Participant: 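Pasting a structure here, questions to come.
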Number of protein chains: 2
Amino acid sequence: MSTPCICTTLRSASRRMASFYDEAIAPVGVNIAQFSLMRTIARAAPLTLTELGRLTDLDRSTIGRNVRVIEKMGLVELGRGEDQREAVVTLSDAGRQVLADGAPLWDAAQQTLDERLGVETMRNLRSMLDSL
Amino acid sequence: MSTPCICTTLRSASRRMASFYDEAIAPVGVNIAQFSLMRTIARAAPLTLTELGRLTDLDRSTIGRNVRVIEKMGLVELGRGEDQREAVVTLSDAGRQVLADGAPLWDAAQQTLDERLGVETMRNLRSMLDSL
DNA sequence: CCACAATGCGGGCATATACCCGCATCCATG
DNA sequence: CATGGATGCGGGTATATGCCCGCATTGTGG
C-alpha cells in the first residue's frame with residue numbers, strides 16, 4: 001500500500017472532532033457548525049448571507065439553509081437590507097445568550113484538547129491546517 | 001478573541017481537501033468519499049456493511065446509503081451472506097477499473113500536496129490527525 | 001431612459017453523515 | 001425446542017454541503 005490518503009485521514013479527524021465539540025456544547029442546544037456560524041455572525045453582524053458565505057468559506061446556498069435552521073430556533077433574525085435583494089442577518093437576544101452560555105463549554109473542550117495533545121502540537125496543527 | 005476553534009479550522013480544511021481530491025479524481029466519475037470507500041472495500045471484500053462501517057469509522061446507516069449509491073453506478077455488488085441478515089459487498093469489474101484508473105489521479109493529488117507542503121510536514125500532519 | 005449585464009437569493013437536486021426505530025434473523029439458555 | 005436477547009439492516013428524520021437554475025433587484029452603457 002502507498003501512504004494513507006491525507007484526505008480521508010482529514011475527513012475522519014474532522015468528523016471525530018465535530019462529534020467531540022458537538023457533545024461539549026450540546027447543553028446549549030446547537031451543534032458546532034451552528035455555534036461557529038453564530039460566532040461569525042456575532043463578530044460581523046449585521047451582514048448579508050453572501051458576506052457570511054465569504055467569511056466562512058461556505059457556499060451561499062449552504063449558508064442560507066443553515067441560517068434558516070437557527071432562525072427557526074430563534075437564535076438569529078433575518079431582514080432585508082437597503083438593497084432589497086440582500087438578506088441581512090443579526091443575532092437575537094436568545095442567540096447572544098446561547099453564545100454566552102456556550103463559550104465556557106467551548107473553552108473547556110478546547111482546553112481538553114490542549115492538555116491531551118499539548119499546546120505546541122495544537123498550534124502546529126492549526127497552522128498546518130490553515131496552510132492547506 | 002481567544003484561540004481560533006481547532007474544530008472549525010479542521011472542518012474547513014476537510015472541506016477544502018475533499019474538494020481538491022474530488023476535482024482530481026472527477027474524471028473517473030466518483031467523489032473522494034466514494035473512491036475511499038471503494039478502496040476499503042477492495043482491501044477487505046467480501047465484507048458486510050457493519051464491518052465496512054467499523055473499518056471506516058462511519059455509521060452503519062451511512063455506509064448502507066453510500067454503498068447503495070455506488071451500487072447503482074455498478075461499481076460494487078451487494079449480496080446476502082450465509083447469515084441471511086448480512087449484506088455482503090464486493091467490487092464489480094467496473095469498480096476495479098475505477099480504482100485502477102483513479103489511482104494515478106489520486107497519487108498525483110497526493111504528490112502535489114507533498115510538494116506544496118513538504119513530505120515531512122505531511123507526515124507530521126497525518127500523525128497529528130491520527131492522534132486526534 | 002431603457003435594455004442588458006451583474007448581483008443576491010431561494011429552491012431543486014444530490015451526496016455525506018448521524019441517530020433512532022422497527023423488522024428479520026440468529027443464537028444461547030432453560 | 002421454544003423464547004428472549006443479540007445482531008444486521010432498511011427507512012425515517014435531520015443537518016451540512018455544493019452546484020445549478022430561475023427570479024427579482026440593481027446598476028450601467030448607449
Side-chain angles (χ1 to χ4, degrees), chain A residues 7-8 10-23 25-26 29-38 40 46-73 75 78-89, chain B residues 7-8 10-23 25-26 29-38 40 46-73 75 78-89:
Chain A
C7 178
T8 305
L10 190 49
R11 281 163 39 82
S12 170
S14 170
R15 285 195 301 272
R16 284 197 304 276
M17 190 62 79
S19 165
F20 176 70
Y21 273 80
D22 278 349
E23 219 172 297
I25 64 168
V30 296
N31 64 32
I32 189 63
Q34 294 164 339
F35 192 75
S36 165
L37 185 57
M38 288 174 62
T40 303
L47 79 173
T48 69
L49 297 186
T50 295
E51 288 166 345
L52 192 47
R54 253 194 300 271
L55 285 178
T56 55
D57 198 36
L58 287 172
D59 190 87
R60 198 199 44 66
S61 69
T62 297
I63 292 291
R65 291 172 230 280
N66 293 1
V67 164
R68 238 171 300 155
V69 172
I70 52 179
E71 186 207 11
K72 280 202 182 109
M73 293 180 190
L75 304 178
L78 275 172
R80 288 286 153 189
E82 273 185 48
D83 184 332
Q84 288 298 304
R85 293 169 300 183
E86 296 176 342
V88 175
V89 191
Chain B
C7 179
T8 304
L10 191 48
R11 280 163 41 81
S12 171
S14 170
R15 284 195 301 272
R16 284 197 304 277
M17 190 61 78
S19 168
F20 176 69
Y21 272 80
D22 278 350
E23 220 172 298
I25 63 167
V30 296
N31 64 32
I32 188 61
Q34 294 164 338
F35 192 74
S36 165
L37 186 57
M38 287 173 62
T40 303
L47 79 175
T48 70
L49 297 185
T50 296
E51 287 166 345
L52 193 46
R54 252 193 301 272
L55 286 178
T56 54
D57 197 36
L58 287 173
D59 189 86
R60 197 198 46 67
S61 69
T62 298
I63 292 292
R65 291 174 228 279
N66 293 1
V67 164
R68 238 171 301 155
V69 172
I70 52 179
E71 186 208 9
K72 279 199 183 113
M73 294 180 190
L75 305 178
L78 275 171
R80 288 285 152 187
E82 273 184 49
D83 184 332
Q84 287 299 303
R85 293 169 301 182
E86 296 176 342
V88 175
V89 192

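Throughout, a chain's letter reflects where its sequence line sits, starting with A, and its residues are numbered from 1. Hydrogens, waters and symmetry mates play no part in the numbers below; they use all other heavy atoms, side chains included. Bear in mind the structure is a predicted one, so any value in this text is a computation, not a measurement.
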Participant: Does a side chain donor of either B/Ser12 or B/Arg16 reach within less than 3.5 Å of an acceptor in the other side chain?
Facilitator: yes
Participant: How close do A/Met73 and A/Gln34 get, counting heavy atoms only, and between which atoms?
Facilitator: CE-NE2, 3.5 Å
Participant: Under 4.0 Å between any heavy atoms, over every strand shown, what does A/Ser19 touch: base, sugar-phosphate, or nothing? Just pick one.
Facilitator: nothing
Participant: Could you please name the option among D/dC19, D/dA16, D/dT7 that lies closest to any side-chain atom of B/Arg85?
Facilitator: D/dT7
Participant: Using chain B heavy atoms and a threshold of under 4.0 Å, write down where along DNA chain C the contacts begin and end, 5' to 3'.
Facilitator: C/dT15 to C/dC26
Participant: Touch check for A/Arg65, heavy atoms < 4.0 angstrom, all strands: base, sugar-phosphate only, or nothing?
Facilitator: base
Participant: Using a 4.0 Å heavy-atom cut-off across all strands, classify B/Thr62 as base, sugar-phosphate, or nothing.
Facilitator: base
Participant: Just call it for B/Arg60: base, sugar-phosphate, or nothing, with non-hydrogen atoms closer than 4.0 Å on any strand.
Facilitator: base
Participant: Any base atoms under 4.0 Å from B/Thr50, or only sugar-phosphate, or nothing? Heavy atoms, all strands.
Facilitator: sugar-phosphate
Participant: Where each residue is assigned the nucleotide of DNA chain D containing its nearest heavy atom, which of A/Gln84 and B/Ser61 is assigned the position nearer the 5′ end?
Facilitator: B/Ser61
Participant: May I ask you to say what B/Asp83 touches in the nucleic acid, namely base, sugar-phosphate or nothing, with a heavy-atom cut-off under 4.0 Å?
Facilitator: sugar-phosphate
Participant: Between A/Arg54 and A/Arg68, which is nearer to the 5' end of DNA chain C once each is assigned its nearest nucleotide?
Facilitator: A/Arg54
Participant: Considering heavy-atom distances to DNA chain C, does A/Leu78 or B/Met73 have its closest nucleotide positioned more toward the 5' end?
Facilitator: A/Leu78
Participant: If you measure from OG1 on B/Thr40 to CD on B/Glu51, what distance do you get to the nearest 0.5 Å?
Facilitator: 13.0 Å
Participant: Can A/Arg54 and A/Thr50 be counted as having a side-chain donor-acceptor contact under 3.5 angstrom?
Facilitator: no
Participant: In a check of side-chain contact (heavy atoms from CB on, under 4.5 Å) between B/Leu37 and each of B/Ile63, B/Asn31, B/Val30, which one passes?
Facilitator: B/Ile63
